[in-house]
Amino acid sequence: MLEVKQLKTQIDTNEGVVKAVDGVSFTVEAGQTVGIVGESGSGKSVLAHSIMQLNPVPPTFYPEGEIIFEGKNLLNLSERELRKIRGNEIAMIFQDPMSSLNPVFKIGDQLVEAVLTHQKMSRQDARARAVELLTDVGIPDPERRMNDYPHQFSGGMRQRVLIAIALACNPKLLIADEPTTALDVTIQAQILELMRDIQKKYGTAIIMITHDLGVVSQMADKVLVMYSGRIVEEGSVEDIFYRPSMPYTWSLLRSLPRLDAEAHERLINIEGQPPNLVSPPKGCNFHPRCPFSTEQCLEVDPELTVRGDGHFAACILSGQEFDSEKKRMEFADKKGVPQ
Amino acid sequence: MSEALLEIRDVNMHFPIKEGVFQKTKNHVKAVNGVSLTVNKGETLGIVGESGCGKSTLARTIVGLLEPTSGDILFEGKSILDLNKKQMHGLRRDIQMVYQDPFSSLNPRMKAGDIIAAPLKAYRMTENLEQRVKELMDLVGLKAADYNKLPHQFSGGQRQRIGIARALALNPKLIICDEPVSALDVSVQAQVINLLEDLQKELDLTYVFIAHDLSVIKHIADKVAVMYLGKVMEMSDSESFYKHACHPYTNALLSAIPLTDPLKEKERQRIVLKGELPSPANPPTGCVFHTRCPFATEACKQDIPSLEAKGDAGHLVSCFYPMNVEKKSSIVNH
């Protein structure tokens, strides 16, 4: 349904051109949930905004690539044609439910506007549709709540309203940019459950962008791991969580605090900081932080290579080499723990 | 056991809501409501709760930024509420704080070195100042060459290290860490938690570690307290806490944490709490949690459960119907 091919998004800054998205390709099929994981600065949000072309131009520009949605390349469409797609066929939920709603309009009016922008119906029908949407996203007493202002809603409720607005036109694709990051865990659990229900009911495809590997393992069918503007590993949830083949994914999984850890168990950290995108390191972007890096990594910039059915990783180590390195490392860790 | 360094006795922190021309007090926001805690020397107490549960307010009363409405706070056996300004100034050396947001808790116009030196200057410990600052920077894993850099030239994790160095400058006995890692990326979060653990061993520190993430707490705390609407719901040593958590709220929190194991994640059953946190200005009658509790009965709406030992020694729970092991294993399987 959606196919992104070799997309490059670059941003002009005072310090130079930032390659925020650097040759990313992936596909989303109807009804599928694709999780995009990465740390801050990995380019995941810029990628999401690129699909909808919400990045301001300039300073952003798209020197290369195609974004094909139902046979049309979105990068070639005019602003007018784009507006027909935005919010109608592709909708987006943003991270911050506090600032995504207009504080001076009633919730109901904002919903009705979303419905009327793309659909021809009377104001009355649109209002009925808005009430139906609020019911769908689990807002109690929707008729009355239509007349409330955003400040009268809590964070979780506002996120529900934003989901309702996104669903207003039955979009085929929903892009959720860190939809639960600003919420508490118990509210996060509610919102994730709601998104799963919505997907079942409407059959919407979801692109779920997050930094939380736990959220991805719960929601996604397919996972893309991003690091410094590139996809470094792609695979099914099982591939990524049980058979990670790129040292970054593997290290990231190991560095997570776990509930089943021993008390005071030492976390295994990834040394160093994410790279500066103005002047990324030579060779593999991850090599300065990689526990397995060799001299070769300084020179070779690895491409995504096949590691299994639908499983790709960007690393010069082959699957076997990586496995033996992993074992050696895990063994050394066990021995290294002073106890 | 070792001696208590900090004792919080039945502390209440109520903020008045004022209305009208005469600013008449209409009601109170009961941010902290009858909390008692003890932290022993060399120990880490983890305080967990959602936003609005009063955990940060409690932290601010401990460092003396807020004066509690009632109750007592004892540091090394002496009440800190009776102290005069001068004595309080002396005490502040011993209790330091690390803040959540490494972006707004550092002055953007001050050099990293000067930020770390500020507390030393405030206490006129200016002998070998630069030497001491460099020692501190080394201690938290910053390069001495970074002395003259400004905060914006550092990444989030490094800024948090500056904040930690500043807190360590006066050799405190107790450090209050208010969500020190929640603004950081996962890969950097591990670095900062490990650093805090190392420093504790090296300098014999005591921590009060506030977080909303129970899995982070597991790696650092000796004792855990769960707060909800200004009250402690469950408190115990870390081992018993994670094995035998029996308050429904604690179990809901545990089951809300997404696991990084897709198969287990699909299999497990969750307690998804209905509704949202009630307003602390009008907390529910009876047990404050009853409006969202899946097991609430009539009794929970009327009577307030007290925080008392259930099961393991020292495992305190404030609930009429604590969940036993069988009931729990059917719901939470990690």
Side-chain angles (χ1 to χ4, degrees), chain A residues 37-42 138 140 153-157 180 182-190 192-193 210-220 223 236-238 240-242 248 251-274 276 289, chain B residues 44 49-53 154-158 181 183-195 197-198 212-222 237-239 241-242 249 252-266 270-277 292 332 334:
Chain A
V37 222
E39 295 178 87
S40 39
S42 63
F153 282 66
S154 68
M157 284 293 173
T180 57
L183 306 173
D184 278 316
V185 269
T186 59
I187 307 296
Q188 164 170 298
Q190 290 175 0
L192 293 180
E193 198 176 65
T210 175
H211 66 273
D212 189 335
L213 284 156
V215 169
V216 166
S217 90
Q218 215 180 88
M219 299 289 292
V223 183
S236 66
V237 253
E238 285 84 9
I240 299 292
F241 288 94
Y242 300 137
Y248 174 63
S251 317
L252 200 60
L253 282 168
R254 267 167 33 119
S255 71
L256 291 176
R258 293 191 328 270
L259 269 182
D260 55 359
E262 295 294 317
H264 286 287
E265 189 177 305
R266 204 175 167 73
L267 287 163
I268 301 164
N269 57 25
I270 306 180
E271 294 301 325
Q273 311 288 337
N276 177 348
R289 304 175 76 191
Chain B
T44 303
E50 294 178 277
S51 40
C53 74
F154 293 95
S155 67
Q158 285 172 314
V181 295
L184 304 177
D185 272 316
V186 253
S187 72
V188 183
Q189 186 175 306
Q191 292 174 5
V192 173
I193 293 174
N194 286 342
L195 172 68
E197 286 261 83
D198 292 343
H212 61 266
D213 186 343
L214 273 168
S215 49
V216 169
I217 291 280
K218 174 119 196 201
H219 286 269
I220 195 158
D222 301 296
D237 63 87
S238 168
E239 204 186 322
F241 181 87
Y242 285 96
Y249 179 60
L253 276 183
L254 284 169
S255 77
I257 299 173
L259 301 177
T260 47
D261 187 327
L263 288 183
K264 275 189 193 165
E265 187 59 58
K266 266 168 203 143
R270 288 191 190 80
I271 310 174
V272 176
L273 292 181
K274 298 275 172 287
E276 317 230 340
L277 201 71
R292 298 174 77 195
V332 188
H334 26 244

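In what follows, chains carry the letters A, B, and so on, assigned in the order in which the sequence lines appear, proteins first and then strands, with residues in each chain numbered from 1.
Ranked by non-hydrogen atom pairs under 4.5 Å with chain B, the options A:Ser154, A:Ser251, A:Ala189 are led by A:Ser154. When each of B:Gly157, B:Ala252, B:Gly52, B:Ala190 is scored by its heavy-atom pairs under 4.5 Å with chain A, the top score falls to B:Ala190. Among the candidates B:Ser155, B:Pro262, B:Ser238, the residue making the largest number of heavy-atom pairs closer than 4.5 Å to chain A is B:Pro262. The most heavy-atom pairs under 4.5 Å with chain A, out of B:Asp222, B:Leu253, B:Ile217, come from B:Asp222. Looking only at heavy-atom pairs under 4.5 Å with chain A, the residue among B:Gln189, B:Gln191, B:Arg292, B:Glu239 that has the most is B:Gln191.
A pairwise comparison of heavy atoms in A:Tyr242 and B:Leu263 identifies OH-N, 3.0 Å as the closest pair. Residues A:Pro257 and B:Val216 approach most closely at CG-CG2, 3.8 Å, considering heavy atoms.
The line from OG1 of B:Thr260 to CG of A:Leu259 is 9.5 Å long, rounded to the nearest 0.5 Å. Taken from CD in B:Glu197 to CG in A:Leu267, the straight-line distance is 8.5 Å, to the nearest 0.5 Å. Within the model, atoms CG of B:Leu184 and CD of A:Glu39 stand 10.5 Å from one another, a figure rounded to the nearest 0.5 Å. Interatomic distance, A:Leu256 CG to B:His219 NE2, rounded to the nearest 0.5 Å: 9.0 Å. Taking CG of B:Leu273 as the start and CD of A:Gln190 as the end, the distance is 7.0 Å to the nearest 0.5 Å. Rounded to the nearest 0.5 angstrom, B:Asp261 CG and A:Phe241 CZ are separated by 9.0 Å.
At a 4.5 Å heavy-atom cutoff, the contact between A:Gln188 and chain B is made by side-chain atoms alone. For A:Met219, no part lies under 4.5 angstrom from a heavy atom of chain B. With a 4.5 Å cut-off on non-hydrogen atoms, A:Leu252 touches chain B through its side chain but not through its backbone. Using a 4.5 Å cut-off between heavy atoms, B:Ser51 touches chain A through backbone and side chain atoms alike.
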Let's go through B:Asp198 and A:Arg266 carefully: what are the C-alpha distance in whole Å and the side-chain angles of both, what is the deciding distance for side-chain contact (heavy atoms from CB on, under 4.5 Å) to 0.1 Å, and is it a yes or a no? CA-CA 10 Å; B:Asp198 292 343; A:Arg266 204 175 167 73; 2.9 Å; yes
